[in-house]
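What follows is a set of notes on a single structure, which appears directly below.
Each residue takes its place number in the sequence, starting with 1.
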Amino acid sequence: MGVDIDDDKQSHPAGSYDYSAIAPHPRLLMGKADEILLKENLQKNGDLQAIHNLIIRIADKTLSTEPFERVLEGKRMLTVSRNTIYRIFYLSYAYRMTLSSKYLDRAEKELLAVCDFSDWNPSHFLDVGEMSMAVAIGYDWLFYDLKAETKEKIRTAILQKAFLPSKESQYNSFLTNRANWNQVCNAGLTYAALAIYEGAKEETVEIIERTLESNKLPLIDYGPDGNYTEGYGYWAYGTSFQIMLLSALESALGDDKNLRQTPGFMQTAEYILFYVWDTRGMLQLFGFRK
């Protein structure tokens, strides 16, 4: 454990964690030891091999595409942000597992393209949250092989297009939200903070510490039995990002400060089994069926 490259030369800020012990890159979700274990298990687990092969095929198809552009659908850029997550995840995974430079080069091209966007559409902050997660994964998983200027560009984009607008009251209502907006936006911002920690310690620790407080709000509403306030569609969305957040805190900093122990949260995996979509009842509710 320990910092890889101390870019900003600043001391480690005080906070909920011993930030000097942050894990080395790659530190988000799948560390180097996890990567080695996965490669070993691929040789003896057919299901894992099938998933691996699918990801490689998707990454290969991406090689012939153009990078995404900043295109809004109404007020949202969420489709672009979400598809960027998929691309960067798959390309970064493919590079880590094969060391084929074609995946690294294509991921770097994608990262540079989105960092050149004028902004990540903070007026619909889910777009920023998901884009922050996308570039964080690429930065962290490809850390030692990205060009220095690419890493600098990513850091600058995160600071200006994600962190700064997250402090503005016109954009940051997610901080007091009690459901998926809180989970998605805080998760994405925290991924970005964990990824670029060495280059912006004060700014990143501020984001992480803020998340530890803000993220308690949606977790409380899982209590006492695992219920979710927005139904099972948003349960899948919000809870997925919640798990991603907790997993990243654990992989990078050692634990999630007991956020997962919030009463009801660990029971939600069982609670979802009792959700039922009553098609007939919904049709009657909206007047389509007597």
Side-chain angles (χ1 to χ4, degrees), residues 25-26 28-30 54-96 102-143 145-147 149-166 171 174 180-181 183-196 207 236-238 240-241 243-245 247-248:
H25 295 286
L28 297 174
L29 303 179
M30 185 170 75
L54 175 61
I55 294 174
I56 297 300
R57 288 198 299 273
I58 294 172
D60 283 335
K61 289 181 179 179
T62 299
L63 299 175
S64 60
T65 65
E66 290 299 315
F68 290 116
E69 298 179 352
R70 187 186 179 280
V71 176
L72 272 63
E73 297 176 351
K75 66 179 182 180
R76 297 172 175 83
M77 194 183 73
L78 193 56
T79 298
V80 175
S81 296
R82 186 162 302 160
N83 286 334
T84 301
I85 290 182
Y86 295 146
R87 279 192 182 179
I88 298 302
F89 250 128
Y90 293 154
L91 289 164
S92 300
Y93 172 88
Y95 178 67
R96 289 182 65 177
K102 63 183 179 180
Y103 301 123
L104 171 67
D105 294 342
R106 186 62 185 80
E108 190 160 19
K109 185 177 181 180
E110 197 74 45
L111 288 163
L112 290 170
V114 298
C115 287
D116 275 336
F117 287 4
S118 58
D119 60 45
W120 291 342
N121 200 34
S123 61
H124 188 254
F125 213 87
L126 290 175
D127 307 357
V128 180
E130 295 203 22
M131 188 65 80
S132 298
M133 181 175 287
V135 298
I137 288 292
Y139 183 96
D140 178 58
W141 282 20
L142 305 174
F143 182 81
D145 296 301
L146 290 173
K147 298 180 183 69
E149 55 267 31
T150 298
K151 288 191 283 189
E152 180 60 31
K153 190 166 201 171
I154 293 171
R155 287 198 296 263
T156 299
I158 287 171
L159 291 170
Q160 295 181 353
K161 297 176 172 65
F163 290 1
L164 284 179
S166 81
Y171 302 135
F174 67 87
N180 77 88
W181 277 69
Q183 296 167 302
V184 175
C185 298
N186 276 320
L189 291 167
T190 300
Y191 268 62
L194 293 169
I196 68 166
I207 294 295
Y237 184 41
S240 294
F241 275 83
I243 292 169
M244 293 278 284
L245 169 59
S247 296

Nearest-0.5 Å distance, [atom1] of residue [X] to [atom2] of residue [Y]:
X	Y	atom1	atom2	answer
Ile154	Phe143	CD1	CZ	10.5 Å
Cys185	Phe241	SG	CZ	9.5 Å
Leu146	Leu104	CG	CG	6.0 Å
Leu91	Leu63	CG	CG	6.5 Å
Arg155	Cys115	CZ	SG	11.5 Å
Glu69	Asp116	CD	CG	12.0 Å

Taking C-beta and beyond as the side chain, do [X] and [Y] meet within less than 4.5 Å on heavy atoms?
X	Y	answer
Asn121	Leu126	no
Tyr191	Leu29	yes
Ile158	Val135	yes
Leu111	Tyr139	no

Grab the two heavy atoms, one from [X] and one from [Y], that are nearest each other, plus how far apart they are.
X	Y	result
Ala248	Leu28	CB-CD2, 4.0 Å
Asp127	Lys75	OD2-O, 4.3 Å
Pro67	Arg87	CA-NH1, 3.8 Å
Ile88	Ala107	CD1-O, 3.9 Å
Leu189	Ser166	CD1-CB, 3.9 Å
Ala195	Ala136	CB-O, 3.8 Å

Using modelled atom types and a 3.5 Å cut-off, is there a donor and acceptor pairing between side-chain atoms of [X] and backbone atoms of [Y]?
X	Y	result
Thr190	Ala187	no
Arg96	Met30	yes
Lys161	Val128	no
Asn180	Tyr237	no

Set of residues satisfying side-chain hydrogen bond (donor to acceptor under 3.5 Å, both in side chains) with respect to [X], sequence neighbours excluded:
X	answer
Asn186	Asn182, Thr211, Ser214
Ser92	none
Tyr171	none

Are side-chain N/O atoms of Arg76 and Ser81 paired as donor and acceptor at under 3.5 Å? no
So, do Phe89 and Tyr93 have ring centers that fall under 6.0 Å from each other?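 No: the rings miss the under 6.0 Å criterion.
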Where do Tyr103 and Ile56 land on the side chain to side chain contact (heavy atoms under 4.5 Å, CB included) test, with the steps shown first? CA-CA 10 Å; Tyr103 301 123; Ile56 297 300; 3.7 Å; yes
Any ring pair (Phe, Tyr, Trp, His ring centres under 6.0 Å) involving residues 105-131? Give me the pairs, sequence neighbours left out, ordered by first then second residue.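 Of all non-adjacent pairs touching residues 105-131, those that pass ring pair (Phe, Tyr, Trp, His ring centres under 6.0 Å) are His124-Trp181, Phe125-Phe174.
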Can you name the side-chain contact (heavy atoms from CB on, under 4.5 Å) partners of Asn83, sequence neighbours left out? Phe68, Thr79, Tyr86
Test side-chain contact (heavy atoms from CB on, under 4.5 Å) applied to Leu112 - qualifying residues, sequence neighbours left out: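 Listed in chain order: Glu108, Thr150, Lys153.
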For Ile85 and Arg82, what are the C-alpha separation, side-chain angles and deciding distance, and is it a side chain to side chain contact (heavy atoms under 4.5 Å, CB included)? CA-CA 5 Å; Ile85 290 182; Arg82 186 162 302 160; 5.5 Å; no
For Lys151 and Ile196, run side chain to side chain contact (heavy atoms under 4.5 Å, CB included): C-alpha distance rounded to whole Å, both residues' side-chain angles, the deciding distance at 0.1 Å, then the answer. CA-CA 9 Å; Lys151 288 191 283 189; Ile196 68 166; over 6 Å; no
Of Arg70, Glu130, Glu73, Met131, which is the lone residue that meets side-chain contact (heavy atoms from CB on, under 4.5 Å) with Val80? Met131
